Number of protein chains: 2
Amino acid sequence: MSKVAGSNLARAHDPWRASARGARDREHVRDRKFVESLARGLEVLRAFTPNEGLLGNQEIAARTNLPKATVSRLTYTLTQLGYLNHVGRLSKYQLAPAALSLGYSALANMRIRQIARPYMQELANYASATVALGTRDRQSLIYIEHCRGKAAPMLRLDLGSRIPIATTAMGRALLAAMPVTEREWMMSHIQRREGEGWPKVRAGIERAVNDLVTRGFVLSLGEWQQDIVAVGVPLTVPSDGSAAFAFNCGAPTFRLSRDRLENDVGPRLVNMVRNVEAALNGQ
Amino acid sequence: MSKVAGSNLARAHDPWRASARGARDREHVRDRKFVESLARGLEVLRAFTPNEGLLGNQEIAARTNLPKATVSRLTYTLTQLGYLNHVGRLSKYQLAPAALSLGYSALANMRIRQIARPYMQELANYASATVALGTRDRQSLIYIEHCRGKAAPMLRLDLGSRIPIATTAMGRALLAAMPVTEREWMMSHIQRREGEGWPKVRAGIERAVNDLVTRGFVLSLGEWQQDIVAVGVPLTVPSDGSAAFAFNCGAPTFRLSRDRLENDVGPRLVNMVRNVEAALNGQ
DNA sequence: AGTCTTAGTTCCGCAGAGTGAAACCATGTT
DNA sequence: AACATGGTTTCACTCTGCGGAACTAAGACT
C-alpha cells in the first residue's frame, strides 16, 4: 500500500491510505477537498520512470495498486490528452510530449535558477568541478540546474534527474537544514528503505547535521558513488516556506583532494550560497 | 470554450465540449471511459506556461473556464501531490518539481533521441549550425533533442520548449508529411489563430508540401524569426503510428547562405534522416 | 474607523461520474 | 483446442465530485 505513493511529508495527506474507494475505510475522515481520480491519474504517470519507460496496463495496475479497469480508463484518458502514447501496435504506453512540456514550464519559472547560474558557473570553473542545484520531490532530489567546470565533463546528470537524499552531499544538506520533526519523518522513511545499511547511512546524516552547524557545509565522500566526492550547502527561501533548495559541488576523487574539498571548495560553496541568497532577496 | 483546450486531432475527444458536468449537455454522448476530473486537473497544470508561471486560483479559473470552487479543489490536490507549490505567503501557485520529474522521465524514454544524437551532432558540426529534433503536441512543436555546432551558440532553445508549427522549418516538415485530412484539420486551426497573416502562412505551407516531394526537405527563410534560416525534414516511425518527428537544421542568415542551405545542408539533412531511420529499424 | 473590492475557501444537497468485480475479447502459446 | 495473458466493456451501485451561494480574509479607498 504505502509502497505506491510516498505521502508528502508532515502536512501531507497520503492519498492511498486516505481512500482507495473500495477499501472500506474505517477511521479515516475523507478529505472533501482532495480529488481522488486526479491523484490516481497522476500516479499512473508517475509509474513511468526513466528506466521503466514502457508499461502495459497490467504493469501499471501492479505498480499503482489500482484495479485493471480503472487503469484502463485512466490510460485512455491520458492518451487522449497527449500525456501518454500508445506504442508498438497494441498495449504498452509511454510518456508523451505533453508531459515533457510541463517539465519545461516548471523549469522556466524557477527564478532561483537564473539567479544562481552565474555564481554556479564561476565556482564550477574555479574548482574544475560540477556545481548543481536541486530540490526535493517526495523521497528524492531533483536536479534543477547544473554547471560543469571547464575540465570536468565527468558525471553527466541532466536536469530533472533524481538522486537519493540520504547519501549525497546535496541531500544531506537539505536534511541537515530541515526542522527536526520533518527530518525525523524523512529519516524514518529512509530507514525503511535502507534496511541493514541504515546504521551507516544514519551516521552520515548525523555527521552532516553536525558539519552544517560547525562548518556551514556537509560532505559526501564516496558514499553515494564510489570515487565521487562532494560538498553540499542548503538554501532556504524565507518568503516561500515550502521551497527548500540545496547546492552541491563535486568531482571525481582523483581530481579533488579531500583537503582542498574541505578547506577550499567547501567554504567557497558556502560563500557562493550566501551570495545567491543576497541576490534573491535583493531583487 | 475551445480557447481552453485544443482537442487532440482527429481521433480526439475534445474534453471540454464533451461534458462540463454542469452544462446540461444536449446532443453529446458521454464517453464513459474518459475521466473528466483527471482531464481538468491536467488542464490546470497546463495553464502554467513558461511566461505565465505564477497563477492564482482566479486566473486559473479564467484560463480553464472552470468554476472557482472546482479550481480550488484541484489546486489543493495538485499541491498535496507536489505538482504545484504555494508561493509567496498566500495565493498564487507555481509548477513544482514533480512536474519536472515527469518531463525527465518522458525524455529519458524516447529511444529516437539516443539514436539520432550522434548523427545530429555530426551535421551540426559540419554545417556550423544547430540541428534539432522535435515532435508535435497539440498545436505546437516541442524540442526533444538538439545539438549545436562548434561555432554556433546563437539561438538557445532548451529541450521541452515550444515553437510554432506553421512558420518553422520543423513544423512545416511535419505538416507536409501528414495525411491530407490531418493536415487540413491542423491548417484550419492555424488559420483561425493567424487571422489576417493567414494567406502568407498558407503559401509557406503549400510551398513546403511541394518542396518535400520534389526535394525531400522544406524551408523556412526568416519566416519564423527574422534572420534565421532553416531546412526541415520529417521522420515517421512506421511501427508507432502516432509518433511523428521532424528535424531541422538552422542558423543565422549571415552564417548560412541560401545557396548552401538549399544545395548542401538541405540534402545532407535528408541524408541524415535516412540514416537515422535505418538505425531505428536496424535494432 | 467603516465600506468596497477582490480572491480564496467552505457548505451542502444532488446527480451522475467513476468505480471495480466479473464477464468478455483478442492474441499468442503449448 | 485448450490455455494463458492482457486489455476492454458491462453494469448496477454508491460515494465522489460538483458548483451555486454563502462565508471569510485581506487590501484599498473615503
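Note on naming: letters A, B, ... go to the chains in the order of the sequence lines (proteins, then strands), and numbering restarts at 1 for each one. Computed from a prediction, not measured in an experiment: that's the story for all the values here.
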What integer distance in Å separates [X]:[atom1] from [N]:[atom2]?
X	N	atom1	atom2	answer
B:Ile60	C:dA7	CD1	C1'	12 Å
A:Lys92	D:dG6	NZ	C1'	10 Å
A:Glu59	D:dG7	CD	C1'	12 Å
B:Asp31	D:dT9	CG	C1'	12 Å
B:Leu66	D:dC18	CG	C1'	11 Å
A:Leu38	D:dC18	CG	P	9 Å
A:Lys68	C:dC24	NZ	C1'	10 Å
A:Tyr76	C:dT19	OH	C1'	17 Å

Would B:Asn57 and B:Thr75 count as having a side-chain donor-acceptor pair, cut-off 3.5 Å?
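Judged by distance alone, the side chains do pair up.
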Ignoring hydrogens and angles, state whether a donor on the side chain of B:Ser37 or A:Ser37 is under 3.5 Å from an acceptor on the partner side chain.
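Judged by distance alone, the side chains do pair up.
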I want to verify a distance call: between [options], whose nearest atom is closest to the [X] side chain?
X	options	value
B:Arg73	D:dG17, C:dT10, C:dG18	D:dG17
A:Gln58	D:dT9, D:dG6, D:dG17	D:dG6
A:Lys33	C:dT10, D:dG7, C:dG20	C:dT10
A:Ala69	C:dA21, C:dT10, D:dG7	C:dA21
A:Pro67	D:dG7, C:dT19, C:dG20	C:dG20
B:Asn57	D:dG17, D:dG19, C:dT9	C:dT9

Pair A:Asp137 + A:Arg46: basic N to acidic O under 4.0 Å
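Result for this pair is yes, salt bridge flagged.
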Any salt bridge between A:Arg274 and A:Glu277, counting N to O under 4.0 Å?
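So A:Arg274 pairs with A:Glu277 through a salt bridge.
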Suppose we call a contact any N or O donor and acceptor under 3.5 Å apart; does that hold for the side chain of A:Arg32 and the base of C:dG13?
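Side chain to base: pair present.
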Reading DNA chain D from 5' onward, which residue's closest nucleotide shows up sooner: A:Ser37 or A:Ser72?
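Nearest-nucleotide comparison on DNA chain D picks A:Ser72.
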Is there a donor-acceptor pair under 3.5 Å between the side chain of A:Thr64 and the backbone N or O of A:Ile60?
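Confirmed, A:Thr64 side chain pairs with A:Ile60 backbone.
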Taking 4.0 Å as the cut-off, does a side-chain nitrogen or oxygen of A:Thr70 come that near to OP1 or OP2 on C:dG20?
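For C:dG20, OP1/OP2 do have a side-chain N/O of A:Thr70 under 4.0 Å.
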